[in-house]
Enquirer: 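Structure provided below as structure tokens; questions to follow.
No hydrogens, no waters, no symmetry mates; every other heavy atom, side chains included, goes into these values.
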Amino acid sequence: MPELPEVETVRRGLAPVMEDAVVEELVLNRPNLRFPFADNFHELVEGQRITSLGRRAKYLLMDLSNGQVIIMHLGMSGSFRTLDEKAPGNFHHERGKLEAHDHVIFHLRRPDGEQAQVIYNDPRRFGFMLMTPRAELDQHKMIRDLGVEPVGNALDGDHLAQKFANKAAPLKAALLDQSIIAGLGNIYVCEALWRTGLSPKRKARTLVLKSGKPTARALALVDNVKDVINEAIAAGGSSLRDHTQTDGSLGYFQHSFAVYDQEGNACQKPDCIGTIRRIVQSGRSTFYCPSCQG
DNA sequence: AAGTGAACCTGAAGGC
DNA sequence: TGCCTTCAGGTTCACT
């Protein structure tokens with residue numbers, strides 16, 4: 001499920017628990033997720049302090065005091081939950097109680113001396129955890145080809161135009177391409193295209209003028225991508241706090257989308273009489289309004 | 001080279 | 001009830 005806003009939400013939830021904590025014990029309940037754990041994964045993690053929990057695109061980056069960083073990806077079904085001595089519910093009662101697909105458990109000692117656990121659960125196991133020295137992170141296979149973050153100064157109309165120039169792929173595919181913009185997924189691409197009134201089937205190069213400059217629609221698309229991501233992060237943050245108060249888990253949150261998973265529903269754009277339709281592009285569902293997305 | 005589809009894996013939901 | 005098919009928010013690999 002996780003696109004950039006969900007990963008950022010998870011990061012913000014985990015950081016207060018994990019940063020500056022020492023990993024007293026690391027439990028791996030299977031030898032692999034999507035990829036095998038490194039042979040020395042255990043020894044590189046246990047006893048280390050977590051110096052920071054960062055994010056790049058859809059990757060969580062866990063920096064350790066020995067200079068290693070764990071590159072984590074949640075795949076389609078990965079999630080974290082935390083158990084904290086201070087949290088409601090009973091930490092000691094819960095300790096050791098595993099649920100199906102609990103693959104990795106971090107047993108932590110916080111600077112104040114209290115204990116906490118962070119548990120990674122992933123039914124489909126498309127997620128992974130890879131270890132690399134921080135100094136080599138930018139050259140890592142999973143990181144080196146990533147495009148710009150959607151939020152921030154790096155993404156602007158000129159950048160998008162340069163990447164979309166001569167591109168025959170449909171907008172849907174071009175926006176999902178992590179080497180162009182890193183962090184967008186199926187939901188927010190559908191939402192951003194709908195907001196901009198652009199057909200997901202339109203070729204990416206049609207947003208670039210002969211001069212190489214972005215069209216007005218391209219500029220609007222950039223704004224809508226940023227807005228949709230920022231709004232989702234804001235929504236995730238607020239519902240995450242609610243969630244943590246009840247059971248201490250960190251996962252996904254309910255959203256209402258304008259087009260994603262809205263097949264058959266009326267288009268919400270003012271004055272549009274269209275009906276949201278589902279098509280398949282590159283093997284993935286695209287939701288859009290055939291009436292106002294031209 | 002770029003673009004599309006299949007594969008990886010489990011579980012939930014819907015049709016019969 | 002059960003069995004079957006389809007689908008899922010991601011990425012990589014193998015093909016045209």
Side-chain angles (χ1 to χ4, degrees), chain A residues 1-11 29-36 55-60 71-80 98-104 120-130 140-147 150 162-194 200-206 208 225 228-229 231-233 235-236 239-240 250-264 277-288:
Chain A
M1 300 188 176
E3 302 182 28
L4 186 155
E6 289 74 32
V7 177
E8 177 60 20
T9 297
V10 168
R11 189 197 69 75
N29 288 323
R30 49 175 304 123
N32 63 296
L33 294 171
R34 176 174 192 140
F35 306 116
R55 180 191 59 74
R56 172 75 169 101
K58 301 173 191 172
Y59 296 89
L60 283 172
I71 304 169
M72 311 169 109
H73 198 290
L74 304 179
M76 292 278 265
S77 58
S79 66
F80 284 97
L98 291 188
E99 297 182 9
H101 309 299
D102 283 348
H103 304 310
V104 181
Y120 179 69
N121 183 288
D122 188 354
R124 294 176 73 179
R125 303 199 306 277
F126 289 168
F128 54 83
M129 297 187 189
L130 301 174
H140 193 280
K141 185 186 176 201
M142 295 294 144
I143 303 294
R144 66 184 178 209
D145 295 325
L146 291 174
Q162 186 235 314
K163 293 293 187 182
F164 279 10
N166 304 316
K167 229 185 190 328
L171 282 172
K172 174 72 187 309
L175 290 171
L176 280 176
D177 184 342
Q178 300 296 296
S179 72
I180 299 178
I181 302 175
L184 301 184
N186 209 22
I187 291 177
Y188 299 114
V189 166
C190 290
E191 295 293 313
L193 287 171
W194 175 81
K201 294 187 277 194
R202 186 164 158 172
K203 290 183 193 313
R205 64 185 178 214
T206 66
V208 185
V225 163
V228 110
I229 294 296
E231 289 169 25
I233 292 173
S239 71
L240 176 69
L250 289 165
Y252 311 120
F253 47 92
Q254 294 303 314
H255 253 306
S256 67
F257 304 113
V259 282
Y260 184 81
D261 207 20
Q262 303 298 315
E263 184 182 23
R277 181 150 174 255
R278 173 185 177 272
I279 60 173
V280 174
Q281 291 179 289
S282 313
R284 312 201 57 194
S285 288
T286 295
F287 298 89
Y288 76 113

Enquirer: Stem ranges for DNA chain C, with three or more consecutive Watson-Crick or G-U pairs under 3.5 Å?
Expert: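 So far as stems of 3 or more pairs are concerned, DNA chain C shows B:2-8 with C:10-16, B:10-16 with C:2-8.
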Enquirer: Ignoring backbone atoms, test whether A/His73 places a side-chain nitrogen or oxygen under 4.0 Å from the OP1 or OP2 oxygen of C/dT11.
Expert: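 Answer yes for this pair, as a side-chain N or O of A/His73 is under 4.0 Å from OP1 or OP2.
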Enquirer: Classify A/Lys141 by what it touches in the nucleic acid, base, sugar-phosphate, or nothing, heavy-atom distance under 4.0 Å.
Expert: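 Sugar-phosphate, no base atom in range.
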Enquirer: Under 4.0 Å: is that the gap between some side-chain N or O of A/Ser285 and OP1 or OP2 of C/dA8?
Expert: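 Yes.
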Enquirer: Between A/Arg30 (side chain only) and A/Asn32 (backbone N and O only), is there a donor and an acceptor less than 3.5 Å apart?
Expert: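 Yes.
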Enquirer: Taking the C1' atom in each of B/dG3 and C/dG9, what is the distance between them to the nearest angstrom?
Expert: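 My reading of the C1' atoms in B/dG3 and C/dG9 gives 23 Å.
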Enquirer: Just call it for A/Gln178: base, sugar-phosphate, or nothing, with non-hydrogen atoms closer than 4.0 Å on any strand.
Expert: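 Sugar-phosphate, no base atom in range.
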Enquirer: Mind checking the NZ-CG spacing from A/Lys203 to A/Asn166? Nearest 0.5 Å is all I need.
Expert: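 The CG atom of A/Asn166 is 12.5 Å from NZ of A/Lys203, to the nearest 0.5 Å.
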Enquirer: Using only atom types and a distance under 3.5 Å, with no angle test, would you say the side chain of A/Glu191 pairs donor to acceptor with the backbone of A/Phe257?
Expert: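 Checked: no pair found.
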Enquirer: Measure CG/A/Leu60 against P/C/dG10 and give the value in whole Å, please.
Expert: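 My rounded result for the distance is 15 Å.
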Enquirer: Kindly compute the distance separating NZ (A/Lys58) from CD (A/Glu8), expressed to the nearest 0.5 Å.
Expert: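 These two atoms lie 14.5 Å from each other.
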Enquirer: Check the distance between B/dT4's C1' and A/Ile279's CD1 and give it to me in whole angstrom.
Expert: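 Those two atoms, CD1 and C1', are 14 Å apart.
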Enquirer: A/Glu6 CD to C/dA8 P: how many Å, rounded?
Expert: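 Value for this atom pair: 16 Å.
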Enquirer: Distance from A/Cys190 atom SG to A/Leu175 atom CG, nearest 0.5 Å?
Expert: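 Those atoms lie 10.0 Å apart.
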Enquirer: Figure out the CG/C1' separation between A/Leu175 and C/dG10, and round it to whole Å.
Expert: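 Rounded to whole Å, this separation is 16 Å.
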Enquirer: Between A/Lys172 and A/Tyr288, does a side-chain hydrogen bond (donor to acceptor under 3.5 Å, both in side chains) hold up when you go through it step by step?
Expert: CA-CA 11 Å; A/Lys172 174 72 187 309; A/Tyr288 76 113; over 6 Å; no
Enquirer: Compare the minimum distances between each of C/dA8, C/dG9, B/dG3 and the side chain of A/Arg278, then state the nucleotide with the smallest one.
Expert: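 Nucleotide nearest to A/Arg278's side chain: C/dA8.
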Enquirer: Which value, rounded to the nearest 0.5 Å, describes the distance between A/Ser282 atom OG and A/Leu176 atom CG?
Expert: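 One finds 7.5 Å between OG of A/Ser282 and CG of A/Leu176.
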Enquirer: Using modelled atom types only, decide if a donor and an acceptor are shared between the side chain of A/Gln281 and the backbone of A/Pro200 within a distance under 3.5 Å.
Expert: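 Indeed, once roles are kept as given, a pair shorter than 3.5 Å links the two residues.
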Enquirer: Walk me through it: do A/Asp122 and A/Ser77 pass the test side-chain hydrogen bond (donor to acceptor under 3.5 Å, both in side chains)?
Expert: CA-CA 5 Å; A/Asp122 188 354; A/Ser77 58; 2.6 Å; yes
Enquirer: On a heavy-atom basis, which atom in A/Ala182 and which in A/Gly147 lie closest, and how many Å separate them?
Expert: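 Minimum heavy-atom separation between A/Ala182 and A/Gly147: CB-O, 3.5 Å.
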Enquirer: How many angstroms lie between atom CG of A/Leu74 and atom OH of A/Tyr59, to the nearest 0.5 angstrom?
Expert: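 OH of A/Tyr59 is found 11.0 Å from CG of A/Leu74.
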Enquirer: Without decimals, in angstroms, what is the distance between A/Leu176 CG and B/dT4 P?
Expert: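 Taking atom P of B/dT4 as the reference, CG of A/Leu176 is at 12 Å.
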Enquirer: Please state the P separation for the pair B/dA6 and C/dT6 - nearest whole angstrom.
Expert: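 The answer is 13 Å between these two P atoms.
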Enquirer: Closest to the A/Ala169 side chain: C/dG10, B/dG3, C/dC7?
Expert: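 Comparing C/dG10, B/dG3, C/dC7 against the side chain of A/Ala169, the answer is B/dG3.
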Enquirer: Please check the phosphate of C/dA8 (OP1 and OP2 only) for any side-chain N or O of A/Arg284 closer than 4.0 Å.
Expert: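 It does not, given that no N or O in the side chain of A/Arg284 lies less than 4.0 Å from OP1 or OP2 of C/dA8.
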Enquirer: Give the rounded distance in Å between these two atoms: NZ of A/Lys172 and C1' of B/dG5.
Expert: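 Result: 14 Å.
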Enquirer: Could you tell me the separation between the CG atom of A/Leu171 and the C1' atom of B/dG3, rounded to a whole number of Å?
Expert: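 Between C1' of B/dG3 and CG of A/Leu171: 15 Å.
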Enquirer: Which listed nucleotide (C/dT12, B/dG3, C/dG9) is nearest to the side chain of A/Met142?
Expert: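 Closest of the options to the side chain of A/Met142: C/dT12.
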Enquirer: Produce a footprint string for nucleotides 7-12 of chain B: one letter per nucleotide, 5' end first; B if the base is under 4.0 Å from any protein heavy atom, S if only the sugar-phosphate is, - if neither.
Expert: -BBBS-
Enquirer: Of all the nucleotides listed (C/dG10, C/dT12, B/dT4), which has the minimum atom distance to the side chain of A/Lys58?
Expert: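 Output: C/dG10.
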Enquirer: Do any side-chain nitrogens or oxygens of A/Tyr260 fall under 4.0 Å of OP1 or OP2 in C/dG9?
Expert: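 A/Tyr260 to C/dG9 OP1/OP2: side-chain N or O found under 4.0 Å.
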Enquirer: With rounding to whole Å, what would you report as the distance between C/dA14 and B/dC9 at their P atoms?
Expert: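 These two P atoms come out 15 Å apart once rounded.
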Enquirer: Using atom CD1 of A/Ile71 as one end and atom P of C/dT12 as the other, report the distance to the nearest whole Å.
Expert: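 Those two atoms, CD1 and P, are 12 Å apart.
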